[in-house]
Number of protein chains: 14
Amino acid sequence: MNELSLIAIASIISAGVTIGLGAIGPAIGEGLALANALRALAQQPDKANTITRTLFVGMAFVESTAIYCFVISIILIFANPFWNHFLNQAGG
Amino acid sequence: MNELSLIAIASIISAGVTIGLGAIGPAIGEGLALANALRALAQQPDKANTITRTLFVGMAFVESTAIYCFVISIILIFANPFWNHFLNQAGG
Amino acid sequence: MNELSLIAIASIISAGVTIGLGAIGPAIGEGLALANALRALAQQPDKANTITRTLFVGMAFVESTAIYCFVISIILIFANPFWNHFLNQAGG
Amino acid sequence: MNELSLIAIASIISAGVTIGLGAIGPAIGEGLALANALRALAQQPDKANTITRTLFVGMAFVESTAIYCFVISIILIFANPFWNHFLNQAGG
Amino acid sequence: MNELSLIAIASIISAGVTIGLGAIGPAIGEGLALANALRALAQQPDKANTITRTLFVGMAFVESTAIYCFVISIILIFANPFWNHFLNQAGG
Amino acid sequence: MNELSLIAIASIISAGVTIGLGAIGPAIGEGLALANALRALAQQPDKANTITRTLFVGMAFVESTAIYCFVISIILIFANPFWNHFLNQAGG
Amino acid sequence: MNELSLIAIASIISAGVTIGLGAIGPAIGEGLALANALRALAQQPDKANTITRTLFVGMAFVESTAIYCFVISIILIFANPFWNHFLNQAGG
Amino acid sequence: MNELSLIAIASIISAGVTIGLGAIGPAIGEGLALANALRALAQQPDKANTITRTLFVGMAFVESTAIYCFVISIILIFANPFWNHFLNQAGG
Amino acid sequence: MNELSLIAIASIISAGVTIGLGAIGPAIGEGLALANALRALAQQPDKANTITRTLFVGMAFVESTAIYCFVISIILIFANPFWNHFLNQAGG
Amino acid sequence: MNELSLIAIASIISAGVTIGLGAIGPAIGEGLALANALRALAQQPDKANTITRTLFVGMAFVESTAIYCFVISIILIFANPFWNHFLNQAGG
Amino acid sequence: MNELSLIAIASIISAGVTIGLGAIGPAIGEGLALANALRALAQQPDKANTITRTLFVGMAFVESTAIYCFVISIILIFANPFWNHFLNQAGG
Amino acid sequence: MNELSLIAIASIISAGVTIGLGAIGPAIGEGLALANALRALAQQPDKANTITRTLFVGMAFVESTAIYCFVISIILIFANPFWNHFLNQAGG
Amino acid sequence: MNELSLIAIASIISAGVTIGLGAIGPAIGEGLALANALRALAQQPDKANTITRTLFVGMAFVESTAIYCFVISIILIFANPFWNHFLNQAGG
Amino acid sequence: MNELSLIAIASIISAGVTIGLGAIGPAIGEGLALANALRALAQQPDKANTITRTLFVGMAFVESTAIYCFVISIILIFANPFWNHFLNQAGG
């Protein structure tokens, strides 16, 4: 049963590091985009609609890279195929 | 029962590192956005409503990456499926 | 009783690193925002109310990421579920 | 069966690190592009169509590098040929 | 009694690293804010009251992240629950 | 059969690190180019054709370095000559 | 008596690293503030009093983070509760 | 036959690291060049021919450093003289 | 007598690292301040007295963080309480 | 024959790291030069000949440092005197 | 006599690292100050006396942090109290 | 004969790292110089002779640091006195 | 005689690292100062004497930190008191 | 004879690292100086003599730190006193 615990430890550490590391880039990228959106708003307040629409569609792109990390992280915790395999084998 | 303690140690360290690492990006990104919001406010005080609304919606996007980390961190401490499995097995 | 001490050591180190690492981002982000708030104030002293209100609401957002770290850190020291489990077991 | 668990652990850690590391670049690159798109919009609001079209086609290029990482990450978890080989051998 | 000394060593190292690491961000953030406050003062000397009041309230926010680190550091040295537990047990 | 698993582990880790590390540069480089393309578009909207054509040809150059990494990564997973050699030998 | 020496070594290293690491941030932060104070002085020599007063009050804030580190460092050398405990026990 | 597998592992890791590390520089360098080419195009649209010709010849220079890495990487996988030597010896 | 030498080695390394690490921040901070003082002097030569007085008082603040490191370093070499304790014990 | 394989492993890793590390500097340096050449072309299109000639001669200088790395890398793989010595000795 | 050589090795490494690390900050800080002094001289050649006097007094401040490192380094080589203690003991 | 192989391995790794590390600085330095030479050419095309002459003499200075690394690297591979000593001894 | 060789190895490595690390700061600092001296010369060619005199006196200050490193490095190779002690003892 | 080979290995690695690390600073510093010399030349072509003379004297200063590293590197390879001592002893 030692294998099962090693898989669990690797999954716990990997899940944490994945989202911890993967949150740095998107957060800085979105902050950068938002900062410039606000400058653009102050410069062209009449085009607020176009600017905020482009901003939120663009931020969804950036957010997607954070979501990839979150998905992998959640898969490693709740739908880990390696864990399931060893669990079935241990239970078989 | 040695496995249980290893899972616990991995969860404790991973939970801490996840949120510790994951707070750097969002905090800097939000600070950057807020800094530019204030400059935009000083430049276009008449559009304060549009600017602050865009700011807080955008910061919610950025905050979301910090919340992903917090969620993973809380899951690892309070709803860790690996820990629960070994606990049930130890208690069974 | 060796497990109990390992959990304690992991909690102590993780609690320290979490808040030590997690204080870097928010502090720099808030400093950045505050710096621009003061420039905005000097530029538009008539709008001091709007600027400082936006500043403090925004800083509460940024502070929230530091508070996530602090919460995890305090949980690991005073409400650690893994520690409590092993303590109950040792005491049982 | 020890080999199987080592392959699993290597796959779990590698999958996490790949997407965690690979999300930093695209997120910052897309944030940078989006930030300048918004500035360009504020400067030339009449050309909003050309700008947003170029932006989203360009971001698809940048996103592609994140998707390479995601693909490798998913392959390592769900379609890992090394894991399959050892699984077949263990089951044979 | 070996456990007690390991807890002590972990607490000593963690207390030092926590405040050593946690002082970097706030100090740079406060220096940044102070630097801009002085520029703002030179630009709008008539609003010195508003500027310095906003500065010191804002710096209290930034200082709070340093204080979180200091609090955790002091707790780990003088009110460490793990140390107290093992001390009571050793003394019991 | 121990050799086969070591080759597999090295291939899994190397494939992940290769594309994870290799995605940072191209993504930032393409983001940088895209950002300036949008500024150029805003400055010379009449030359949109020349600018976007040069942009996409140039981005293909940058993308090529990411593709080198992806190719090596895929070769290490699906067409690894070292793995094939040991597999043939084990099956021979 | 081996425990006592380990506590001593951990205290010595931790005390040094704490203040060595903790001096970087405040020194750069104060240098930054001082640099801008001098620029502000050159720009508004008539307000030298307000500027230098704000500067020195602000630098006391920044200095406080260095002093937290110094305090922890001195506590670890001269008033270390863990050391005192083991010393009393060894002497008892 | 142990030597053969060590050579294989070293080749796999080295091939991946070489191209993974070697893609960072060229990608950023080419992105930088492309970004300035687009600015130059916007500034001198009449000289588009000269600018794009110089750009692509120059990018071939930059690309060459990425190709050196790719060549070494491919040599290590498909034409590795050390591997061939040991293979011949093992087969001899 | 082995403990005494370990304490000595830890003190030697810690003393060196403390001042080596602690000299980076103050030197850069003071250089930054001095650089701006000279620019201010060139801009307002009539206020040389106020500028140089503020400069040297401010540099004393920055220098203080270097002196904290130097003090800890000297204490660890010449007035190390842990060393003295073990020396007395060895001599007793 | 163990020595021969160690030499081979060291050569493989060293060859990869040499060109992988050595490609970063020249690629960024050449990209920087190329970027400024294009700006210079846009500014002085009449001197395109002088500018591109100086650019390509200069880039050959920069390329030379990449070539030094490539040469050492190729020597380590195909003309390694240490490998040849041990090969002769093993064959002798 | 083994202790004596360990003290010697620690002193040699620590002395080198102390001054090697401690020379980075002061050199960059002094270079920065000198660079601005020369700009100030070019801007206000009539005040060369005041500027160079302030420069050299200020550089003495910066140099002092390098001298702290040099002093600790020389103490560790030529007046090391720990070495002297063990030397006396060995000779006694 | 074990010594001979250790010397060979150390020489191989050291030769690669020396030139790999030593190519970063010169390449970036030369790229920086070349970039400014081209800007200077665009600004003063009449002085192309003086500028390019100074550029190439200066680049020879910068190249010299890369050549020092290349020389040490080649010495370590083809004229290594330590290797020659042990070779003579082994052959003697 | 084993001690003597350990002292020698520590001295060799420490001497190399000291000057290798200690050359980075002074070289960059001097380059920075020289760069600004040349700009100052171009701006105020009439004051070439004052500028170059201040430059070379200032560079002697910066050079001094490199010389501290060189002195420690040479002392560790040619006048190492620890080596002399053990040499005398071995010869006694 | 084992000592002799350890001294040789330490010398080989140290010689390579010393010059590899020590070439980074001077090359970047000289490139920076050269870049500004060319800008100064373009700005004041009449003073080409003064500028290039100051440049080459200044670059000799910067080069000196690279030469310190080269000297230590060559001493460690060809005039290593530790190696000579052990060689004499082995030959004695």
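Proteins come first, then strands; the chains are lettered A, B, ... in the order of their sequence lines, and each starts at number 1.
How far CD1 of A/Ile12 is from CD1 of B/Ile7: 4.5 Å, rounded to the nearest 0.5 Å. Remark: A/Gln43 CD to B/Gln43 CD distance equals 7.0 Å, nearest 0.5 Å. Distance check: A/Ile9 CD1 to B/Ser11 OG gives 8.5 Å after rounding to the nearest 0.5 Å.
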What do the steps show when you test A/Leu34 against B/Glu30 for side chain to side chain contact (heavy atoms under 4.5 Å, CB included), and what is the final call?
CA-CA 9 Å; A/Leu34 183 53; B/Glu30 290 179 14; over 6 Å; no
Go through it in stages, so that I can follow the logic: the residues are A/Phe70 and B/Ile72, the test is side chain to side chain contact (heavy atoms under 4.5 Å, CB included), and I'd like the CA-CA distance, side-chain angles, deciding distance and then a yes or no.
CA-CA 9 Å; A/Phe70 192 58; B/Ile72 295 291; 4.0 Å; yes
Go through it in stages, so that I can follow the logic: the residues are A/Val17 and B/Thr18, the test is side chain to side chain contact (heavy atoms under 4.5 Å, CB included), and I'd like the CA-CA distance, side-chain angles, deciding distance and then a yes or no.
CA-CA 6 Å; A/Val17 167; B/Thr18 302; over 6 Å; no
Could you please spell out the steps behind the side chain to side chain contact (heavy atoms under 4.5 Å, CB included) verdict for B/Asn36 and A/Asn36?
CA-CA 7 Å; B/Asn36 282 281; A/Asn36 282 282; over 6 Å; no
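Contact annotation for B/Leu32: both backbone and side-chain heavy atoms come within less than 4.5 Å of a heavy atom of chain A.
The two residues B/Gly25 and A/Ala27 come nearest to each other via the heavy atoms C-CB, 3.4 Å. The minimum heavy-atom distance between A/Ala42 and B/Ala40, with the atom names listed, is CB-CB, 3.6 Å. Closest approach of B/Phe82 to A/Leu76, counting heavy atoms only: CZ-O, 3.4 Å. Here the shortest heavy-atom pairing between A/Ala60 and B/Phe61 reads N-CE2, 4.3 Å. Taking all atoms of both residues into account, the shortest heavy-atom contact from A/Glu63 to B/Ser64 is OE2-OG, 2.6 Å. When all heavy atoms are compared, the tightest approach of A/Ala23 to B/Cys69 is CB-SG, 3.6 Å.
No other option in B/Gly31, B/Ala66, B/Ala33, B/Ala15 has as many heavy-atom pairs under 4.5 Å with chain A as B/Ala33. Counting heavy-atom pairs under 4.5 Å between each of A/Ile74, A/Leu41, A/Ile13, A/Ile77 and chain B puts A/Ile77 at the top.
Among residues 45-52 of chain A, the residues having any heavy atom closer than 4.5 Å to a heavy atom of chain B are, in sequence order, A/Pro45, A/Ala48, A/Thr52.
For the pair B/His85 and A/Leu4, the minimum side-chain heavy-atom distance is below 4.5 Å.
No side-chain donor-acceptor contact under 3.5 Å links A/Ser5 to the backbone of B/Glu3.
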